[in-house]
Number of protein chains: 2
Amino acid sequence: MVDDLREMLKGTLEGCVLEIIGNEETYGYAITRRLNELGFADVIEGTVYTILLRLEKNGLVQVTKRPSEMGPPRKFYALNDAGREELGRFWAKWEYLSSRIDKLREGGR
Amino acid sequence: MVDDLREMLKGTLEGCVLEIIGNEETYGYAITRRLNELGFADVIEGTVYTILLRLEKNGLVQVTKRPSEMGPPRKFYALNDAGREELGRFWAKWEYLSSRIDKLREGGR
DNA sequence: TCTCGGTACTGCGTGATACCGAGTACTACT
DNA sequence: AGTAGTACTCGGTATCACGCAGTACCGAGA
């Protein structure tokens with residue numbers, strides 16, 4: 001259908017991951033599946049893991065390792081205060097951007 | 001207000017420039033001013049020119065050089081057929097992405 | 001037992017993009 | 001002459017999504 005959202009996802013995919021983590025404590029593999037079923041069909045695991053490592057490096061999440069019945073142990077991610085702030089900034093930016101784009105499209109003066 | 005849209009603009013700014021050119025034949029400096037007044041306040045000339053050179057390289061625009069009364073000659077850009085197609089694809093991608101994001105935000109199942 | 005597929009994470013490298021900065025050059029006004 | 005506004009070019013940088021190879025754990029079927 002719509003091919004190659006790659007470039008357009010830059011800067012937004014991380015926010016999507018933050019939002020998913022904000023809804024419930026979860027782990028990389030599940031986040032990828034969630035994104036896929038939400039319509040971000042081409043997002044692959046490697047991408048999500050790089051985002052998660054970045055979030056951890058930037059101190060936006062709290063990480064807990066727990067064993068799994070289905071395979072290797074899972075790293076569960078939850079937002080901390082800094083993460084919730086960043087999520088708020090993300091939605092503010094998204095609202096700002098999308099309103100400008102829509103205005104532009106309407107012939108926008 | 002909203003700082004650093006930089007990453008979020010990736011993949012969308014080029015589409016915005018295409019839309020502006022599609023509305024009327026215009027040139028780089030004017031496109032920058034137009035973007036600024038539309039709310040893309042931090043977009044600078046260098047960025048727009050790199051986009052315009054890319055559009056030209058990719059064969060999406062027709063370029064006409066014309067003298068100016070106010071300074072150096074201007075390079076006017078107009079969309080060709082390929083450019084109009086690309087613009088259509090851009091809006092399709094934008095619609096797709098923004099609908100998914102909004103769905104995600106609504107808690108979206 | 002051995003392989004295979006599904007689950008789960010890591011780490012290095014690539015390509016595309018917006019942005020930065022310095023440079024060039026033309027016009028008009030003081 | 002000097003400055004400000006207009007107008008474009010080009011080399012370099014940082015960041016990001018993504019590709020890919022590798023590691024590792026588990027359960028089911030041949």
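Quick note on labels: first sequence line is chain A, next is B, and so on, each numbered from 1. Computed from heavy atoms alone, side chains included, the values below leave out hydrogens, waters and symmetry copies.
Taking atom CG on B:D4 and atom C1' on D:dA14, their separation rounds to 11 Å, with Å as the unit. Rounded to an integer number of Å, the gap from B:N36 CG to D:dT6 C1' is 14 Å. With rounding to whole Å, B:L55 atom CG is found 15 Å from C:dA16 atom P. Atom pair A:E45:CD and D:dA21:P shows a separation of 15 Å (rounding to whole Å applied). Summarising the geometry, the separation between CZ on B:R66 and P on D:dC8 is reported as 12 Å, rounded to the nearest angstrom. Taking atom CZ of residue B:R33 and atom P of nucleotide D:dA7, one finds them 9 Å apart after rounding to whole Å. Here D:dA17 presents its P atom at 15 Å from NZ of B:K93, a figure rounded to the nearest Å. Straight-line distance from the CZ atom of B:R74 to the P atom of D:dG5: 16 Å, rounded to whole Å.
The side-chain hydrogen bond (donor to acceptor under 3.5 Å, both in side chains) analysis of residues 40-53 of chain A, with sequence neighbours excluded, yields the pairs A:R33-A:E45.
Relative to the six-membered ring of B:Y96, B:R100 meets both conditions, a distance below 6.0 Å and an angle of at most 45° to the axis.
Contact check, B:Y49 against D:dC10: no side-chain N or O comes under 4.0 Å of OP1 or OP2. A close approach under 4.0 Å does not occur between any side-chain nitrogen or oxygen of A:Y27 and OP1 or OP2 of C:dC9. Contact annotation: A:K65 does not reach the phosphate of C:dC9 (side-chain N/O to OP1 or OP2, under 4.0 Å).
When the nucleotides C:dT7, D:dT6, D:dC10 are ranked by their closest atom to the side chain of B:L53, D:dC10 comes out on top.
For A:Q62, there are no side chain to side chain donor-acceptor pair (under 3.5 Å) partners at least two apart in sequence or on another chain.
A salt bridge does not link B:D102 with B:R105: every distance from a Lys NZ or Arg NE/NH1/NH2 to an Asp or Glu carboxylate oxygen is 4.0 Å or more. The existence of a salt bridge linking A:E86 and A:R89 is confirmed by a sub-4.0 Å separation between a basic side-chain nitrogen and an acidic carboxylate oxygen. With respect to the salt-bridge test (charged N to carboxylate O, under 4.0 angstrom), the residues B:E106 and B:K103 do not qualify. Ionic pairing of A:R66 and A:E25 is present here: one or more N-O contacts between side-chain nitrogen and carboxylate oxygen are shorter than 4.0 angstrom.
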Exercise. Quick one: what's the B/S/- string for nucleotides 18-30 of chain C, heavy-atom cutoff under 4.0 Å, read 5' to 3'?
Worked result: BBS----BBSS--
